[in-house]
Amino acid sequence: MRCALPAGLVLTALGAAATPVAYRLDPQHSFVTFEVLHFDTSTLRGRIGPLQGFVEMDREAGRGSVSMRIDMSQVDTGMSFFDQRLRQDDLLGTATYPVAYYVSSKFDFDGPVLKAVRGEITWRGVNQGLTLQALHFSCRNDARLQREVCGGDFEAELKRSDFGIGFGLPFVANPVRLVVQVEGIRQ
Amino acid sequence: MFRPTIAAALLVTAIAAQASNATYTIDPTHTFATYEISHYGTSTNRGRFDRKEGTVQLDKSAKTGRVEITIDTTSVNTGVPQLDKHLQSKDFFDSAAYPTATFVGDRFTFDGDKVVAVSGTLTLRGETQPLTLKATRFNCYTNPLLRRETCGGDFVATLKRSEWGVDYGLKIGFPDEMRLLIQVEAIKQ
């Protein structure tokens with residue numbers, strides 16, 4: 001009886017290890033757009049990306065993990081002088097903090113559909129919980145790539161003051177909405 | 001007596017109109033059009049037009065307005081250079097033949113002081129079709145740097161691109177329907 005338990009654990013471990021599927025983020029379809037309210041009047045937007053990283057999902061078991069890096073210098077608002085201003089120390093501070101990291105091993109599924117990713121962002125020396133809520137999520141067999149592709153649109157909100165960015169407050173708002181387009185190609 | 005009265009009335013009307021009818025120039029740093037279109041039902045592709053210019057006339061007391069914005073279709077920016085190039089080709093905007101798209105809005109709908117919708121026409125690829133932009137927010141404020149009144153907001157519209165003759169990929173599952181997100185701010189002249 002003593003050896004039955006380890007054998008059972010090994011089988012479980014093998015079963016669990018065999019099922020997760022790895023996806024690499026598609027650089028053509030993985031971006032984050034930030035939205036900030038300007039003078040309570042209009043919404044400023046900027047795109048950062050492509051996002052780089054890997055996702056593992058076991059949709060049957062309802063588990064997943066993601067590890068992602070975001071090159072913050074790749075900010076694009078449509079105005080190069082504004083992008084340069086954004087990279088300075090009192091805003092994105094890309095010389096000191098060139099990369100933001102996002103990791104999660106808490107994927108919330110409703111059946112096979114991913115509903116939320118509860119993870120942590122590390123940026124500008126701050127580590128903070130950040131939940132990405134899925135606006136929609138699906139997988140398809142991509143005809144061109146001949147691979148399964150999973151992805152969707154996600155949103156999250158953070159306060160820039162939590163990351164030490166106070167410039168322009170309160171005329172440029174503190175809450176920052178993140179809109180994430182992401183697609184992962186099965187490896 | 002009759003003629004001078006009319007002349008005086010006209011003069012008063014003209015002064016009143018002058019007082020409330022103002023011209024605003026689009027602030028290019030806070031004015032962008034972004035489109036959203038579904039990518040095979042999985043995620044949403046976004047692209048933004050970076051170069052544009054235009055003017056707005058706004059009469060808050062008469063509750064009328066007119067806007068004309070010209071967008072440079074070669075300034076489309078998706079973050080994927082090869083896609084930007086494809087979008088400028090004949091498959092989409094045909095930028096060589098039609099370098100600009102123009103929105104002319106001449107029917108402003110107000111709720112109190114706030115603009116809630118602007119109806120007019122969008123000309124793209126030489127095709128002119130009606131388009132209504134709905135405001136999700138609208139506000140005027142005094143810009144502390146410029147010390148001028150600035151009015152603007154966020155607007156959305158949904159359109160079918162095939163109405164402008166942009167039908168590439170419809171047969172292989174790229175949707176016809178797309179959404180426009182407009183950020184706009186304009187500075188009083």
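Values below: all heavy atoms of this structure, side chains included; hydrogens, waters and symmetry mates excluded. Below, read A as the first sequence line, B as the second, and so on, with proteins coming before strands; counting in each chain starts at 1.
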Would you say the side chain of A:Asp76 lies within less than 4.5 Å of the side chain of B:Asn77, judging by non-hydrogen atoms? yes
Just give me the residue among A:Leu37, A:Val182, A:Val179, A:Thr33 that pairs up with chain B most often, heavy atom to heavy atom, under 4.5 Å. A:Leu37
Of all heavy-atom pairs between A:Gln181 and B:Ser43, which one has the smallest distance, and what is that distance? NE2-OG, 3.0 Å
Counting heavy-atom pairs under 4.5 Å with chain A, the top scorer among B:Asn139, B:Thr34, B:Thr136, B:Thr42 is B:Thr42
Which atom pair, heavy atoms only, marks the closest approach of A:Arg45 to B:Leu181? NH2-CD1, 3.9 Å
Can you get from B:Phe155 to B:Leu180 by hopping between Ile, Leu, Val, Met, Phe, Trp and Tyr side chains that sit under 4.5 Å apart? yes
If hydrophobic clusters are built from ILVMFWY residues whose side chains come within less than 4.5 Å, do A:Val149 and A:Met57 share one? no
Can you measure from NE2 (A:His29) to OH (B:Tyr40) and round to the nearest 0.5 angstrom? 8.5 Å
Is there side-chain contact between A:Arg140 and B:His39, with at least one heavy-atom pair below 4.5 Å? yes
Could you check whether atom CD of A:Gln128 has more than 12 heavy atoms from other residues, nucleotides or ligands sitting under 6.0 Å from it? yes
A:Ser138 to B:Gly41 - nearest heavy-atom pair and separation: OG-O, 3.1 Å
Which bit of A:Cys150 comes within less than 4.5 Å of chain B, counting heavy atoms only: side chain, backbone, both or neither? backbone
If every non-hydrogen atom of A:Thr43 is compared with every non-hydrogen atom of B:Arg137, which pair is closest and at what distance? OG1-NE, 4.1 Å
Using heavy-atom distances under 4.5 Å, tell me whether A:Phe82 contacts chain B through its side chain, its backbone, both, or neither. neither
More than 12 heavy atoms from other groups under 6.0 Å of CD on B:Gln129: yes
Which one, B:Gln82, B:Glu185, B:Arg46, leads in non-hydrogen pairs under 4.5 Å with chain A? B:Glu185
Proximal component of A:Glu183, with respect to chain B [non-hydrogen, under 4.5 Å]: side chain
Full working for side-chain contact (heavy atoms from CB on, under 4.5 Å) between B:Asp50 and A:Met79: CA-CA 7 Å; B:Asp50 289 346; A:Met79 294 168 288; over 6 Å; no
Which atoms of B:Tyr141 are under 4.5 Å from chain A, going by heavy atoms: the side chain, the backbone, both sets, or neither? side chain
Closest contact, heavy atoms only, B:Gly153 versus A:Ser42: O-CB, 3.5 Å
Does atom NZ of B:Lys63 have more than 12 heavy-atom neighbours, drawn from other residues, nucleotides or ligands, at distances under 6.0 Å? yes
Check each atom of A:Phe81 against the heavy atoms of chain B and say whether the ones under 4.5 Å are side chain, backbone, both or neither. side chain
Nearest non-hydrogen partners of B:Thr44 and A:His136, listed with the distance: OG1-NE2, 3.9 Å
A side-chain contact here means heavy atoms from C-beta on lying under 4.5 Å apart; do B:Phe32 and A:Thr77 qualify? no
Is there a path of hydrophobic side-chain contacts, each under 4.5 Å between heavy atoms, that joins B:Leu122 and B:Leu87? yes
Min side-chain heavy-atom separation A:Phe39-B:Thr150 under 4.5 Å: no
Hey, are the side chains of A:His38 and B:His30 touching, using non-hydrogen atoms and a 4.5 Å cut-off? yes
Hey, any chance A:Val21 and A:Phe109 share a hydrophobic cluster, counting ILVMFWY side chains that come within less than 4.5 Å of each other, even indirectly? yes
Using a cut-off of under 4.5 Å for heavy-atom pairs, which of B:Ile172, B:Ile182, B:Thr78 has the most such pairs with chain A? B:Thr78
Quick check: is A:Val103 connected to A:Phe154 through a chain of hydrophobic side chains (ILVMFWY, heavy atoms under 4.5 Å apart)? no
